[in-house]
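The structure appears right after this line, and notes come after that.
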Amino acid sequence: MFLLVAKIFQLSIGGIVIGAMAVTLTISFAALIYTGPLAPYLGNGANFALLGAGLMAAIGAFTYSIEGSIANPQDATAVVLGAAAVGIASTSTLAPDALFPTVLALLVAGCLVAGGVVFLAGLLHLGSLVRYT
């Protein structure tokens, strides 16, 4: 009985710490993307980023072949997508009302393409191409 309680306590603490880190990182990545002309949309962008991070964690928890793997948003992706978003926002041909939906469509499309490539790599068992020594 004691071991069960200890295991539940251990998993709970781990979940709380990892969840707090994921929320903090996700909001900071949203702040990185929604800068400059996109700053008024930071609140909405952070909400969508948290939704995406939650979906990514939930899908990863049930589909990863390695037990205990954790999926969190990554900083390199946020930098690349943030540069693209600022590039779109800095063009003068886009109406202000269409700015947020356009950037959101860019982010969703980028995530879907990246997810599709990773899914395809998993189906084709291409994980052996990357090895850690």
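Source: prediction; values computed, not measured.
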Show which residues join Phe62 in its hydrophobic cluster (side-chain heavy-atom contacts under 4.5 Å, direct or indirect), or state none. none
Checking Leu112 now: which residues fulfil side-chain contact (heavy atoms from CB on, under 4.5 Å) with it, not counting sequence neighbours? Val108
Given the rule that I, L, V, M, F, W and Y join up when any side-chain heavy atoms are under 4.5 Å apart, are Ile16 and Leu11 in one cluster? no
Under the side-chain contact (heavy atoms from CB on, under 4.5 Å) test, residues paired with Leu123 that sit two or more places apart: Phe119
Considering only heavy atoms from C-beta outward, does the side chain of Tyr41 approach that of Val103 to under 4.5 Å? no
Going only through I, L, V, M, F, W and Y residues with side-chain contacts under 4.5 Å, is there a path from Leu126 to Leu120? yes
Hey, is CZ on Phe100 packed in by over 12 heavy atoms from elsewhere, all under 6.0 Å? yes
Would you say Phe48 ends up clustered with Leu50 if hydrophobic residues are merged whenever their side chains have heavy atoms under 4.5 Å apart, either directly or through other cluster members? no
Separation between CD1 (Ile88) and CG (Leu106), nearest 0.5 Å, reads 4.5 Å
List, by chain and number, the other hydrophobic cluster members for Met1, where Ile, Leu, Val, Met, Phe, Trp and Tyr join if side-chain heavy atoms come within less than 4.5 Å, directly or indirectly. Val5
Apart from Ile70 itself, members of its ILVMFWY cluster (side-chain separation under 4.5 Å) are Ile18
Answer yes if Leu104 and Val86 sit in the same cluster of Ile, Leu, Val, Met, Phe, Trp and Tyr residues linked by side chain heavy atoms under 4.5 Å apart, and no otherwise. no
Which atom pair, heavy atoms only, marks the closest approach of Thr63 to Ile59? OG1-O, 2.6 Å
Please round to the nearest 0.5 Å and tell me the distance separating atom CD1 of Ile13 and atom CD1 of Ile8. 12.5 Å
Give the table of side-chain donor-acceptor pairs shorter than 3.5 Å for residues 26-40, with sequence neighbours excluded, one pair per line with atom names and distance.
from, atom 1, to, atom 2, distance (Å)
Thr26, OG1, Ala22, O, 2.6
Ser28, OG, Thr24, O, 3.4
Ser28, OG, Leu25, O, 2.8

Nearest 0.5 Å, what's the OG1-CG distance between Thr77 and Asp75? 7.5 Å
Are Val113 and Met56 connected in a single hydrophobic cluster, I mean Ile/Leu/Val/Met/Phe/Trp/Tyr linked by side-chain heavy atoms less than 4.5 Å apart? no
Rounded to the nearest 0.5 Å, how far does CG of Leu51 lie from CG of Asn47? 9.0 Å
